[in-house]
Every structure is written in C-alpha cells, then in structure tokens.
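A quick write-up on the structure given underneath.
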Protein chains: 2
Amino acid sequence: MINETRFVSQELKARVYQAMRELNYHPNAIARSLRRKKTQNIGMIVPDISYPFLAEVARGVEDAGFELGYNVIVCDSDGDLEREADYIRLLQEKKVDGIVFVAAGESSSHVQTLIEQGMPVVVCDRDLPGVEVDTVIADNVGSGYQATEHLIDLGHRRIGCIAGPQVLGISNKRGNGYKRALGRYGILVREELIVRGDFRCRGGYEAMRKLLALDEPPTAVFACNDLMAVGAICTASKRRLRIPQDVAIVGCDDIALASFTNPSLSTVAQPKHEMGAMAVEMLVERIKDKSKPPTRRLLPTDLVIRDSG
Amino acid sequence: MINETRFVSQELKARVYQAMRELNYHPNAIARSLRRKKTQNIGMIVPDISYPFLAEVARGVEDAGFELGYNVIVCDSDGDLEREADYIRLLQEKKVDGIVFVAAGESSSHVQTLIEQGMPVVVCDRDLPGVEVDTVIADNVGSGYQATEHLIDLGHRRIGCIAGPQVLGISNKRGNGYKRALGRYGILVREELIVRGDFRCRGGYEAMRKLLALDEPPTAVFACNDLMAVGAICTASKRRLRIPQDVAIVGCDDIALASFTNPSLSTVAQPKHEMGAMAVEMLVERIKDKSKPPTRRLLPTDLVIRDSG
DNA sequence: ATTTTAAACGATTACGTAATCGTTTAACTA
DNA sequence: TAGTTAAACGATTACGTAATCGTTTAAAAT
C-alpha cells in the first residue's frame, strides 16, 4: 500500500490517497516505530553543544541525518559522567537506532556497555582505548606536527605549547604532535615550555602569561585550539609584543573567527562538519550490518597560514 | 505498579523489582509513548545550530529539557523554508510534545499552521507578527538603544550602524534601537551611516570598509552582533586606526570571545542560555494547559563596557 | 452470622502501524 | 471443462505499554 510492499491497482491507490487527503491523515511515527522496531532517530552525546567546535560537528551530524532520513536527539553530557549515563539510558529506552558519541571523559566503559548491548555506536573526535568500535577522528597528532613544523620552518627553535587539560592523557594528541615535530628536527622538548590551558580563551590568556614570564620566553607558541590561541594573542598584545615578529602564534581548529583576529590567526583547520557527517554515514552502515568489523577513519587536517605565524 | 498508579504490597513490589533486575528489563519508551500519547520529546527548529548565539540558546533548551524530563530533537532549517517545513512535518509525525521555534524567515505561516493543529509552540529569539503564540525574546530594541546611548554618552555624534540583512524588516530591532537612541538625543539619522552586514565576520568587515570610505566616516560604530563587530575591528586595525580613539566600536551578544578581542569588545550581553531555558519552561506550561492565553516574555540585556568603546 | 467495604492484584483492551495469512476473482494451462 | 496459477485485496495479529475492569480475599460494619 503506502509503503510499496505489494501491488495495488491504480484505482484503489488513487482512492486511498484521496481519502488520506480528505481525512488529513498522517502516519504516526510512534506506532510505526513500535511495529518496525526502528525509530529513524539517532542520539548524539556531546560534552557541550555550545562549544563552537562541537556545534559545527553537530551541524554535520544534523545535515547527514536529514539526508539519510534520521532525526537527531542532542544530549549535552556537560562533561559529567553521571549525566552522560542518564542520557544513555534515556536513548536506549527511546530506542534510537544508533548513537554518535563524543565522550565526556577518558573512560570507555559507557561505550563498552552500549556495544555489548548491541547498540550501534560511532565514536567521534576522540579515541577510546580498548574498545572495538567505529571511530571517526581528525588527525590530531598530525595537526600538532603540522603547526609545529611550520613554526620550525619559519626559523623558530624555542617553541612553546599551550596544551589541553591533560598533558599526558590520551586527549592531548595535538601536544604529542608538537613533541614529535620537535624531536624530528632535533629540538629538545623542554617541559617548562609546555603549559596547560582549559581549551578556552581564558586558559590561553593565562598560559601565555606563564610562557612570557619565563627567563627565556619562547619565540613562537603552538596553542592546541583556536580559543586558547585567541587568548594568547590577547596576552601578547597587552604586552605590546608584535605578532609574529616578537612571538609567532599558531592555533588549531580554524574556527570562523580565525580570519578576523588581529593579526589573523594561522591555524590547522579541522574537518568539523565532515567529521559529523561521516560519523552518521558510518553509523548508518553499522545499523545496516551489525556484524562487520569496526573501522576507524582518520581525517586529514589542513595548515592555514595567515598573519600570526 | 512501577508507575505508582495504585497500591501494591511491599512484598510483590520487591519481587517485581527483583524480576526486573534478573530479566534486565527496561521500559520501552516507544510503546509507552504510543499508549500515553506523549513522547517526552520536544523539537527545536533553528536556522543553524553552529551559529554561536543559537548554540548557546540550544544549550539552554537542552539543560531545561533535561531538568524537566524532555529530550530535544534538534532540527537545522538552514534558513530554508522548505527544509523547515519538512522538519515540521517530521516532528508532527514523530509526535513531539512541543516545539521551540527559531524561525528561518519572516513568515509566520509555519507557526500559524502548527498552532492551528494544536501543537504547543514557543517562538524564541524573534517576533512573528500576527500570530498569537508564546514568545520569549531578548530586548533587541533596548540593546540597540543601550549600545548607541553609551556611544552618545562618550561624546560621539556621528555614529554608524552595521545592521543585519534586512534593515527595514521586523528582524532588525537592534537597528531600530539605534535609531531611537539617536532620535532621543536629537541626532539626525543618516541613511549613509547604516550599512547592511550578514551577521558574520565577513559582513562586518565589508560593512566597516564602506563606512570608513565615506567622506565623513563615523567616529563610532554600533555593530548589530559581535561577529560583525569583530569584523569591523579587523578592518579598523588594518587601516591602523586606533580603537576607541579613532573609532569606537560596540557589538551585541557578548559571545565568549568578546573579552579577548584586541581591544576587548564593549557589547550588549544577551541572555542566551536563559532564553533557551525559559522557552522550554514556557513550552511545558503550554503542554500542561493548551487553553490559556499566550504570553510574551521580554528578557533584559546588559551593557558590558570593555575597551573598544 | 451476614452483608458491606476495601485492599490487593490478575486479566483484558486500546494505542496505530506493518507483516502475515487468507480469500476472492480472473486469467491461463492441460 | 476442470484444474492451476497469479493478481488484488481484506482480515488478523503482534509490537510493549497503561488504563480499565473484574475477581479474590480479608477486614470491618451491622
């Protein structure tokens, strides 16, 4: 009938559609979901949808979902493992067909549990160790490497790094790329040149102050995301340092504002929208075939050279 | 039983919960929705979730939804009325309990239709003319007024305005506030001092170029949002103009970055998170009682004076 | 002792769809 | 002409819940 499951004569078809119009009939997706055992809904769990980077990833998820016939239930875990667990339970009860997962913490237990219960999951933007799960991620090590290599190419040897919250954690691949580039070019990694930030402007601002307070401040700085780079530029400007002559600064992400900072920000562009869209594509593949082996996609990043370094 | 609809003895209760644990039983929200005729889901229709302002509003919606027991299905209309209509149909078929609506265009026909069909709706962030609907909105006229009055207080008389896409449309309340402030202080509104932008950095950048190209450029500029203000700062900096001495600039929104531009951006802070949260609270009230008269909440804004003006 | 009342719980049914099964009619083969 | 096959469609049932109705048992009232 309506769902083209068998042959229906033209005449009856016409009469049915006519009646649908007259009665203002619209299919009830809830009843349909109950019967078909699929909802055409997917969940997206993120630490904070208002964080610009994730907002753009979410937009990619949304766009691909629309294209492929899925609605997206967005869940802000707020970096809170308990709230994350609450949302996971809710999404399971609401029978979403799959989940795009941007983890709140380093732990992989939540995803592990989901997988074991047969829920299709794609982990997005971060690696979770020890879980066999579809993953889509940007080349973060490569990003740090690209940025640092660029600064080395410019002649810098004393290069600082404004890292994320956990310098040693799995999260800081970008910091690892920084170290690898230094090593590759025979430059000693100096721990005093690596300062932690909080991935926001304020953290970059404070971190830059610490770097500039060193006896021998760096001549260039790689900030592990653009927000912190903006904070770092702010610090340098207040000190009346010229960028890039006195300190060069390179960020990471390429947020929309990066072209319009003062000076404009050199950065390593991340494929944010693409990452979200690919997560959904992989998720739909997984929904279709739950038995195939998990894949891991590493998306390349682009060095964008502007005026800050 | 589980839903506390009648008395059950302690003993049986214990046995039931025991069995639930043993069988790993979890209620099926789809079946429950079908039976109860409510889904505990709400839809949020926005032009673009990756636009920072809307991302923060969405976060407010998400937080209040979580608190009140609702999940949020986010729908990006992408400013496209057809896609908006598609999403509306989908949300209706999926039987969301209500919709938070940030309209794609100026037309109110979509909302009008929703209302007529009995769907609870709260319009957020923009007024839709001619529809009786719950609305929560920031004081945009007041914002423009506050910003402009501040510039007048600083002694400026020749004040430019970087407006949104439709200068005359209902959308540009902030521009109207600008005009009202000028009028209030007996300053003539000069059309050549009002330039349209696109609400993004690029548009602010271009608009500022136009303003500076005038025979008599303004000594101060009110940009109708912060992204355009950042673009304007960028233009002024490239021209080696000092801010605020040569041109003062005031923005609107107070995005996270506003404290870290160079110089830091004076702006009119909008209650973004609060607006989203209030939209959900109003929506839940509406869901409870569909017959009460619609209300309109006007949220106050705050002038934040920093270094740019 | 008999009736009344309430506590406690089992059993039935509707929600709106889609898959399955079964029935009618016509066409086609032997 | 009888038997076979397929086209076209109506009718039944399951999906998992919650509201309603009905039944049993015990306590309370007369």
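Here is how names work: the chains are called A, B, and so on, in the same order as the sequence lines, proteins then strands, and each is numbered from 1.
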Worksheet item: Within a strict 4.5 Å, meaning less than it, do heavy atoms of the A/Val74 and B/Val72 side chains meet?
Response: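 No, side chains not in contact.
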Between [atom2] on [N] and [atom1] on [X], what's the gap in Å once rounded to a whole number?
X: B/Glu93; N: C/dC15; atom1: CD; atom2: P; answer: 20 Å
X: B/Arg35; N: D/dA14; atom1: CZ; atom2: P; answer: 18 Å
X: B/Ile30; N: C/dA14; atom1: CD1; atom2: P; answer: 22 Å
X: A/Lys95; N: C/dT17; atom1: NZ; atom2: P; answer: 21 Å
X: A/Arg32; N: D/dA14; atom1: CZ; atom2: C1'; answer: 17 Å
X: A/Leu34; N: D/dA18; atom1: CG; atom2: C1'; answer: 13 Å

Practice prompt. Counting heavy atoms from C-beta on, name the nucleotide in D/dC15, C/dC15, D/dT17 closest to the side chain of B/Asn28.
Written response: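 The listed nucleotide nearest to B/Asn28's side chain is D/dT17.
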Practice prompt. Ignoring hydrogens and angles, state whether a donor on the side chain of B/Asn71 or A/Lys94 is under 3.5 Å from an acceptor on the partner side chain.
Written response: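 The answer is yes; a qualifying pair exists.
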Practice prompt. Compare side-chain N and O positions of B/Lys37 against OP1 and OP2 of C/dG16 and report whether any pair is under 4.0 Å apart.
Written response: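 B/Lys37 to C/dG16 OP1/OP2: side-chain N or O found under 4.0 Å.
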Worksheet item: Just to confirm, is there a sub-4.0 Å distance from OP1 or OP2 of D/dC15 to any side-chain nitrogen or oxygen of A/Arg36?
Response: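 Answer no for this pair, as no side-chain N or O of A/Arg36 is under 4.0 Å from OP1 or OP2.
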Discussion item. Just to verify, which of B/Val111, B/Val122, B/Leu114 counts as forming a side-chain contact (heavy atoms from CB on, under 4.5 Å) with B/Val133?
Written reply: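 When side-chain contact (heavy atoms from CB on, under 4.5 Å) is applied between B/Val133 and each of B/Val111, B/Val122, B/Leu114, only B/Val111 qualifies.
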Worksheet item: Is there any ring-ring contact (aromatic ring centres under 6.0 Å, His included) pair reaching into residues 92-129 of chain B, and which pairs are they, with sequence neighbours excluded?
Response: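 Every candidate ring-ring contact (aromatic ring centres under 6.0 Å, His included) pair involving residues 92-129 of chain B fails, so no pair, neighbours aside, qualifies.
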